[in-house]
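Below is one structure, written out as structure tokens; the observations come after it.
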Amino acid sequence: MQRTHTCGQLRAEQDGQPVVLMGWVNRRRDHGNLIFLDVRDRTGITQVVLDKEVSNEAHAKAEAARSEYVVAVKGKVRRRGAGLDNPNMPTGQIEVVASELLLLNEAKTPPFSPAEDAVANEEVRLKYRYLDLRRPQMQSNFALRSRVAMAIRNYLVEEGFLEIETPFMTRSTPEGARDYLVPSRVHAGSFYALPQSPQIFKQILMISGFDRYFQIARCFRDEDLRADRQPEFTQIDLEMTFPQQELVFRVVEGFLTAAFATAGIQLTSPFIQMTYDEAVRRYGIDKPDMRLPALTDLTGELTPELREQLKIEQRLPVIGFVIPKAGGLSGTQRRALTEEIRTGFGDCGLDSLDVARLKTNAAFATLANAIESRLAAEPTLEGGVTPEDLIIVVTPKLGTPEKWNYDPQWIWKRVGALRLELAKKFADKHKLFDQTGTANDFKFLWVTDFPMYEWNEESKTWDAAHHPFTSPHEDDIKAGRLTSDKGAVRALAYDIVLNGTELGSGSIRIHRKDVQAEIFRSLGMSDAEAKERFGFFLDALEYGTPPHGGIALGLDRIVMILAGASSLREVIAFPKTAKAIDLMVDAPTPVSDAQMRELHLKIASRS
RNA sequence: GGGGACGUAGCUCAGUUGGUUAGAGCGCUGCCCUGUCACGGCAGAGGUCGCGGGUUCGAGCCCCGUCGUCCCCGCCA
């Protein structure tokens, strides 16, 4: 028996047609001499009718059928009678009257039903991943993922990019994330590393003259996980020769537009841009969520006298922001929130003003009104500030936090974090995170001019903020800032941000050996050390390296946001838990002593 | 490495101040039912209250430890 149609395919037009369907029993409704089987495959569900008067034998088999049995149905499509349509399902105008039913396979009673909308806890879902993946929501997530990847491939190939694979077993680089290591059997005591990204290879491909490269590449990082971080993840990695950064942006906007179109979302490009400094100043974070109103600097609204009265530190900024529709709190609720903020900032010396209360006090009413009108200027608050909105004004208490001295952005970052925390807390009220199915749900943003260096408080050194192959701004090199003022050096590095999630980052690379060597030196790496770690790369730079640059975007994150999911596990078929365990296959596991010996390994302690 | 939430039937969860025999819905099993589509009706089975220890006359509930899942900080060039 050969399947003729899928379970999501049949419509009224096929009335009377003989068909063979195959799939899983989604539900069975037994009415005695009449049994309904809902048969499911990844395309949908079709109601099959087993009538004892049509086939006694088929009906008997249907009596034995249970949830998740795999069945084959031979029968005829029938337009349902008047009043029997089910408008809730695409195939609801028809049913298949079975003349023959085969139970292709039985199924144990599943621990949870793929037919239920309610989801089981993640532990069970991950253990029985094959059942979880049968759920229509998951099927649609992976169909979406496939379409997105295909659209991106097509777009990039059209634009002249070549898809080229790079090794999974490569050389460990101590910079950046922790490596996953693969012990060598042939070379005792030596290890390959799984790539954190194909960074160096793609640059070598540019030196090799491939002009435009891309790859949908698996990357591996042995760091602690989050909802949006898995130990292995997939990047859309690309690199091109002779690009201005704007050209990279156009390519990315192009393939994202193509990708989102597969989900029926029509994006408009170019995406807006903002420098890193601006992002931190206006949003307190390098990946602003543009669905929410920005931070507003209210410092100018407070005279020294007012600060004095309100016990506010004179040297530091006063920062306000609005959470739309989260207002109207009672006095008790406001006091609780104020207290929460105060303790949340702990030893940082920050406090907040209760604007609603200020308003009721004649001495401060002018200030409160001024604050309100300043906040209302924020463009995302089209209707101005209303009593429905929640106003937060963060003030530094008397006594200066030490951090201010070396990181002037610190207070902005803290308030930016508070803005996100409160936005999350009041998501039900402002509904700005809800998906409406339009391009409006997706706020893209380019963040440019990242700092080249980052002060590492622990080791008291300057580290590369992006990676050490990133080109600094020409001006900053010329001005000698690589040595004199590292904190002020801007890189030709950029991030693409979607709804507050970093989708990807890239840069224009260094293509001259002298500059590369200088950067290594500026990072405290001696020439000998640089040669030891990146000698092959420095060599390659000497054989006619074209200017080049690129970017890498997290495919998993793109699909996650597009699918409206809140965890990567919803869009990765076989993901790992927060402790990097695969609950289905049970990995990792210890290996046999024989394997260990072969790899010249010994476990120091199993404590 | 640190903080937080959760863990009770196959699943989702309730379980009062520590007090008799630990409950509900769904699912499951059996019987009945020819128009259901979350079918319905009747009957029934199903529990190491994550695990270990402690307090107590008595612990699902309190204490200590531990394991697991999730979220966050650190970390993630």
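Proteins come first, then strands; the chains are lettered A, B, ... in the order of their sequence lines, and each starts at number 1.
Rounded to the nearest Å, the gap between the C1' atom of B:G15 and that of B:C76 is 42 Å. Rounded to whole Å, the C1' atom of B:U17 lies 23 Å from the corresponding atom of B:A24.
Of the listed nucleotides (B:C26, B:C28, B:C71), B:C26 has the atom at the smallest distance from the side chain of A:E116. When the nucleotides B:C73, B:U36, B:U69 are ranked by their closest atom to the side chain of A:I581, B:U69 comes out on top. In this structure, the nucleotide among B:G35, B:C75, B:U69 sitting nearest to the side chain of A:R229 is B:C75. Comparing B:C11, B:C70, B:C76 against the side chain of A:A578 picks out B:C70 as the nearest. With B:U34, B:C11, B:G74 as the choices, the nucleotide that has an atom nearest any side-chain atom of A:L34 turns out to be B:U34. Of the candidate nucleotides B:C33, B:U34, B:U69, B:C33 has the atom nearest to the side chain of A:D30. With B:C37, B:C71, B:C76 as the choices, the nucleotide that has an atom nearest any side-chain atom of A:D38 turns out to be B:C37. You'll find that the side chain of A:E122 is closest to B:C70, out of B:C70, B:U36, B:A38.
Taking atom CD on A:E223 and atom C1' on B:G1, their separation rounds to 12 Å, with Å as the unit. When rounded to the nearest whole Å, the span between CD of A:E63 and C1' of B:G30 equals 13 Å. In this entry the distance linking CD of A:E123 with P of B:U12 reads 10 Å, nearest Å.
Applying the 4.0 Å criterion to OP1 and OP2 of B:G27, one finds that A:R66 has every side-chain N and O outside that range. Contact between the side-chain N/O atoms of A:K52 and the OP1/OP2 oxygens of B:U34 is not found at any separation under 4.0 Å. Look at A:R29 and you won't find any side-chain N or O under 4.0 angstrom from OP1 or OP2 of B:U36. Between A:T577 and B:U69 there is a side-chain polar atom (N or O) within less than 4.0 angstrom of OP1 or OP2. Side-chain N/O atoms of A:R28 include none lying less than 4.0 angstrom from OP1 or OP2 on B:C37. Contact annotation: A:N121 side-chain N/O to B:C70 OP1/OP2 distance is not under 4.0 Å. The phosphate of B:C39 has OP1 or OP2 within less than 4.0 Å of a side-chain N or O from A:R27.
Looking only at side-chain heavy atoms (C-beta outward), A:E454 and A:W462 stay at 4.5 Å or farther from each other. Within the 4.5 Å cutoff, the side chain of A:D277 has heavy atoms near those of the A:Q409 side chain. Annotation: side chain of A:Q203 is in contact with side chain of A:Q199 (closest heavy-atom distance under 4.5 Å).
No hydrogens or angles were tested; on distance alone, a donor-acceptor pair under 3.5 Å links the side chain of A:Q47 to the base of B:U36. Between the side chain of A:E95 and the base of B:G35, a donor-acceptor pair under 3.5 Å is found. No hydrogens or angles were tested; on distance alone, a donor-acceptor pair under 3.5 Å links the side chain of A:R78 to the base of B:G35.
Ion pair A:D132/A:R125 flagged as a salt bridge, since at least one NZ, NE, NH1 or NH2 atom sits closer than 4.0 Å to an Asp/Glu carboxylate oxygen. A salt bridge links A:D228 and A:R557; the closest N-O separation between the charged side-chain nitrogens and carboxylate oxygens is under 4.0 Å.
With centres under 5.5 Å and a plane angle under 30°, the ring of A:H31 is stacked against the base of B:C39. By the 5.5 angstrom centroid cut-off and the 30-degree plane limit, A:F36 is classified as stacked against the base of B:U36.
As judged by a 4.0 angstrom heavy-atom cut-off over every strand, A:E53 is placed among the base-contacting residues. Heavy atoms of A:A465 sit under 4.0 angstrom from primed sugar atoms or phosphate atoms, though from no base atom. Using a 4.0 Å heavy-atom criterion, one finds that A:D51 contacts the bases of the nucleic acid, with or without backbone contacts as well. Contacts of A:D85 with the nucleic acid, taken as non-hydrogen atoms under 4.0 Å apart, include base atoms. Residue contacts for A:T173: at a heavy-atom cut-off of 4.0 Å it reaches no nucleic acid atom on any strand shown. Using a 4.0 Å heavy-atom distance criterion, A:A464 is classed as a sugar-phosphate-only contact.
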